[in-house]
Amino acid sequence: MMDNGSSLGRVLNIPWLSNVSNNNISLRRKELSRERKQKWVFKKTQSGRFNRLIKMCGDKLGTKATIEVFDKLGRDTGLKEYNALIAICLEKARTSNDEDDALEHMSEAFKTLKKMRERGFQVEEGTYGPFLMYFIDMGMVEEFFFFCGPIKEGNPSSVTRLGYYEMLLWIGVNNEEKIQELCNCIVAADEEDDFKLKENYLLALCESGRKDIMQLLEVIDITRISSVNVVANIFESLGRLSFDSFAEKFLWTLKNNDYKMADISRLIFSYVSAIPNLAVEDLFLKFKSLHMKFEITPSSASYEKLITYCCDLHKVHFALDIVHQMCEEGLSLSIEMLHSILHASEENYEYNLVRRIYSLIGCHNVKPTSETFRSMINLSVKMKDFNGAYAMLDDLKKLNISPTSTIYNTILAGYFRESNISGAMMVLKQMESEDVKPDSHTYSYLIANCNCEEDITKYCEAMKAAGIQVTKHIFMALINAYTACGQIEKAKQVVLDKGIPVNSLNEIKGALASALACSGMMPDALNIYKEIKQNGGTLEPKPVISLIEHFTSEGDVNILLQLLEELHDPDYWFDGCCRAVVHCVTKKHLRLALDLLKQLKDEFHKDDLALDVVFDEVFSVIAERQPNDLQIGLALLQAMKDELGVTPSRKSLDFLLASCVNAKDLQSSLLIWREYQAAGLRCNILTFLRMYQALLASGDPKSAKTLLTKIPTEDPHVRCIIKACQMTYVQSTSSKMKKQKVQKKNKT
């Protein structure tokens, strides 16, 4: 093992890895630009990156030190920075379980606010709002009003807006008397300031979903409300509460007062989208019928909101129906909305929808961009339709849109996923003929799929000649490539390279831990994980999943639970927890498996299908193992009913019955047979066949013969299965008889 000062360049004898000349800065900038566009295509980047930076500095340094750092860097601490630092303090106070610790964080927040005011900044809602919401959430009434005093003095225009927070406060602490008092005092008021206060009270009531709004709805002049966003909130509340008469009354009022048609269309969407338990098909009918009733043409903006709503509910097919109708009405679809639909298709694994989307583009004269084609080609490749992908590539050229390395990389990655090396090499030749230069992603795919050191070196040298700087993807590709080639030590040396950016080091170490775990070197993988934790770092979700999947320790399951705690995203946690349950069952840690299953049930109590999938997976693993594992399967079945209150699915019982066949256990077979009836599951042909097999295997041909009379045998496949079961039984019986004869002969 080399010391920490050694670089990957020396290991490979390729000096360029950590040093790229300034001549290539321009190339690198272009490459980084492409990477950013690809990575953030569906995210708003600037504020997100800034907030992460502020949060990281605030967590590591504290707010005071962070401000000092900004000052030393010559960057003035502005309103945005102060608000972000205050938000960090309030969040820490909110999540702290220790009262003194929470007070310390609140003190930091107030000190930051004080410094902000000393520098001449006006305290606007973006600053005071988070403080007030903290007091509201914590039920701190006295502190709330104490804080409001200086705000009113320093910013008199905020008085009406503070009414919004005051109403939220009384709602939060369930003070019905105060809520009614605020409503009563403004019912008869009609001055401009009074109306603004009334508007803010109404907004708070709407957002809280209270029916108290009826009292204000009767007297409110909807046309005087200052913002269409506020009106939209009111209409959402009307939808949630099913106040149809108020909704229609306000729509007539707005139309008769020359409200913009596009805004009324938006309000109709706000209303119908909030109606509870309304299927998207019925929602669309309601949306259309209200537009017809008020003689309003749906706007492009409201149609796009409806499309987004459908995509969020995974109804991408219906979203495309709406797009088609929208285009039929002569309305234009924004390219961003089309990209959202493509993204939703990928997220929902509905790759085949790309053909319909592609047809829609052609029929309705939508102007695609390079990113549009990249997304469509990506979907085609994921459904293994490479011919379709190349057809799109040809059409892209016809539109005079130059193909990019990113588009070719999409096809290249698809061929590698299919282990089609010749197809991947063909992509490289096409890139060369089109004069499209490979980028770092191209080389990361090529290196990751190398099966010998010579190829790794070849692509590294090609990168050097092209002047492409090594990215984190290249480092991770090198780790995977060396591991696949059996060069574990060289894979370990990669993380010692001085050219690795500090903020990428843990991610690259995580890739090494994952690669080692997949190669059966679990102790080494766990050592890397522990090293990352000791240095205050965290592991990315995918390496954590890999470590859980390949976890082999017989006794120390605490590490397994610690790994599970690393997963904060619900989808990754679900995946990791399922794998942890399987490990516990296979290692016969039944108590721990049940504890994890209880966590899964509590977390996904509204998703019975997800729980069924977990149990089905566990019982399928038991069915594939040795016959003596049947007992833990039966124990788990009993526990899931008694402790978790879960009824087993048909698949789970099928797997258990298969385990009974393997174990040749008659009593357990009869027990599972009764479980089908207890679960209210009618026995189908497969269940009958499996039970028939279990009866024969466990030595009860009489019962098997009786059961056979209940099995329909018209299907030739069923007859073949029955015959196979009978032959297996005859062979097994014959073998037993021969053994008995031999044993009897040996005794005599």
Side-chain angles (χ1 to χ4, degrees), residues 47-48 51-52 54-55 58-59 62-63 79-114 116-117 123-152 154-155 158-183 197 199-213 216 229-230 232-234 236-237 240-241 274 568-570 602-603 605-606:
S47 61
N51 288 336
R52 286 198 300 276
I54 291 289
K55 186 177 188 307
D59 289 341
T63 53
L79 190 62
K80 189 175 182 181
E81 287 86 349
Y82 278 119
N83 287 343
L85 290 170
I86 288 170
I88 292 169
C89 295
L90 294 175
E91 183 60 27
K92 286 181 177 179
R94 190 189 299 272
T95 56
S96 177
N97 295 321
D98 181 80
E99 186 176 348
D100 291 336
D101 183 55
L103 286 172
E104 182 64 31
H105 291 307
M106 284 301 296
S107 175
E108 279 293 314
F110 281 119
K111 287 176 184 176
T112 306
L113 176 63
K114 181 182 177 184
M116 174 182 165
R117 294 187 68 179
V123 179
E124 302 289 352
E125 186 177 5
T127 304
Y128 68 72
F131 279 100
L132 295 178
M133 288 307 301
Y134 176 82
F135 296 136
I136 291 167
D137 293 341
M138 298 296 130
M140 301 166 74
V141 177
E142 187 177 345
E143 292 83 352
F144 177 92
F145 286 105
F146 178 80
F147 188 77
C148 284
I151 296 173
K152 292 177 182 177
N155 186 2
S158 66
V159 172
T160 54
R161 185 57 181 163
L162 289 175
Y164 164 79
Y165 292 98
E166 184 180 358
M167 180 65 87
L168 287 181
L169 173 69
W170 297 130
I171 292 170
V173 297
N174 295 315
N175 192 324
E176 296 296 331
E177 184 181 346
K178 285 290 185 182
I179 295 169
Q180 193 60 43
E181 182 182 319
L182 292 183
C183 292
L197 191 60
E199 179 182 315
N200 279 287
Y201 286 152
L202 180 60
L203 181 60
L205 289 167
C206 286
E207 291 181 358
S208 303
R210 292 177 59 97
K211 293 192 175 183
D212 308 61
I213 64 169
L216 296 177
N229 292 329
V230 175
N233 280 330
I234 292 172
E236 284 176 17
S237 184
R240 281 194 298 271
L241 298 170
H568 304 293
D569 180 274
D602 292 343
E603 196 71 27
H605 62 279
K606 294 183 179 179

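Quick caveat: nothing in here was measured; it's all calculated off a predicted structure. Residue indices begin at 1 and follow the sequence shown.
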**Prompt:** Under the 3.5 angstrom rule, does the side chain of N233 hit a backbone N or O of L203 as a donor-acceptor pair?
**Reply:** no
**Asked** Is there a donor-acceptor contact under 3.5 Å linking the side chains of E143 and Y134?
**Response** no
**Asked** Does the side chain of M106 reach to within under 4.5 Å of the side chain of L90, using non-hydrogen atoms?
**Response** yes
**Request:** Could you walk me through whether L205 and I171 pass side-chain contact (heavy atoms from CB on, under 4.5 Å), step by step?
**Result:** CA-CA 8 Å; L205 289 167; I171 292 170; 3.9 Å; yes
**Fill in**
The reported gap from CD in E199 to CD1 in I234 (rounded to nearest 0.5 angstrom) is 7.0 Å
**Prompt:** Looking at M167 and L182, what are the two nearest heavy atoms and their distance?
**Reply:** CE-CB, 3.9 Å
**Request:** Quick one: pull up SG in C206 and CG in L202 and give me the separation to the nearest 0.5 Å.
**Result:** 4.0 Å
**Asked** Are there more than 12 heavy atoms of other residues, nucleotides or ligands under 6.0 Å from atom CZ of R117?
**Response** no
**Asked** Does atom CD of E176 have more than 12 heavy-atom neighbours from other groups under 6.0 Å away?
**Response** yes
**Prompt:** Shortest non-hydrogen contact from P130 to G126?
**Reply:** CD-O, 3.5 Å
**Prompt:** Quick one: are L168 and M133 in side-chain contact, heavy atoms under 4.5 Å?
**Reply:** yes
**Request:** Search all heavy atoms of L241 against all heavy atoms of R210 and return the closest pair with its distance.
**Result:** CD1-O, 3.7 Å
**Message:** As a quick check of understanding, evaluate ring-ring contact (aromatic ring centres under 6.0 Å, His included) for F145 and F135, giving each step before the final call.
**Reply:** CA-CA 9 Å; F145 286 105; F135 296 136; over 10 Å; no
**Fill in**
In Y165, F146, F147, F144, the residue satisfying ring pair (Phe, Tyr, Trp, His ring centres under 6.0 Å) with F131 is F147
**Fill in**
CG (L113) and OG1 (T127) are apart, to the nearest 0.5 Å, by 7.0 Å
**Asked** Heavy atoms, side chains only, cut-off 4.5 Å: are I86 and T112 in contact?
**Response** yes
**Item:** Test side-chain contact (heavy atoms from CB on, under 4.5 Å) applied to L85 and C89, step by step
**Value:** CA-CA 7 Å; L85 290 170; C89 295; 5.7 Å; no
**Prompt:** Hey, mind stepping through L132 and E166 against side-chain contact (heavy atoms from CB on, under 4.5 Å) and telling me if it holds?
**Reply:** CA-CA 9 Å; L132 295 178; E166 184 180 358; over 6 Å; no
**Prompt:** Roughly how far, to the nearest 0.5 Å, is the NZ atom of K178 from the CH2 atom of W170?
**Reply:** 5.0 Å
**Fill in**
Heavy atoms of S96 and D101 approach each other most closely as OG-OD2, 2.8 Å
**Prompt:** Do side-chain atoms of R94 reach the backbone of M138 as a donor and acceptor pair under 3.5 angstrom?
**Reply:** no
**Message:** Checking T160 against N200 for the side-chain contact (heavy atoms from CB on, under 4.5 Å) test, could you report, in this order, the C-alpha distance in whole Å, the side-chain angles of both residues, the deciding distance, and whether it holds?
**Reply:** CA-CA 7 Å; T160 54; N200 279 287; 4.3 Å; yes
**Request:** Output the distance between atom CG (L162) and atom CG (L169), rounded to the nearest 0.5 Å.
**Result:** 11.5 Å
**Asked** Below 4.5 Å, heavy atoms only, C-beta onward: do K111 and K114 meet side chain to side chain?
**Response** no
**Prompt:** Would you call E124 and R161 a salt bridge, taking side-chain N to carboxylate O under 4.0 Å as the test?
**Reply:** no
**Prompt:** Would you call I88 and E91 a side-chain contact if the rule is heavy atoms closer than 4.5 Å?
**Reply:** no
**Prompt:** Can you name the closest pair of heavy atoms from L197 and G163 and give their distance?
**Reply:** CD1-CA, 3.8 Å
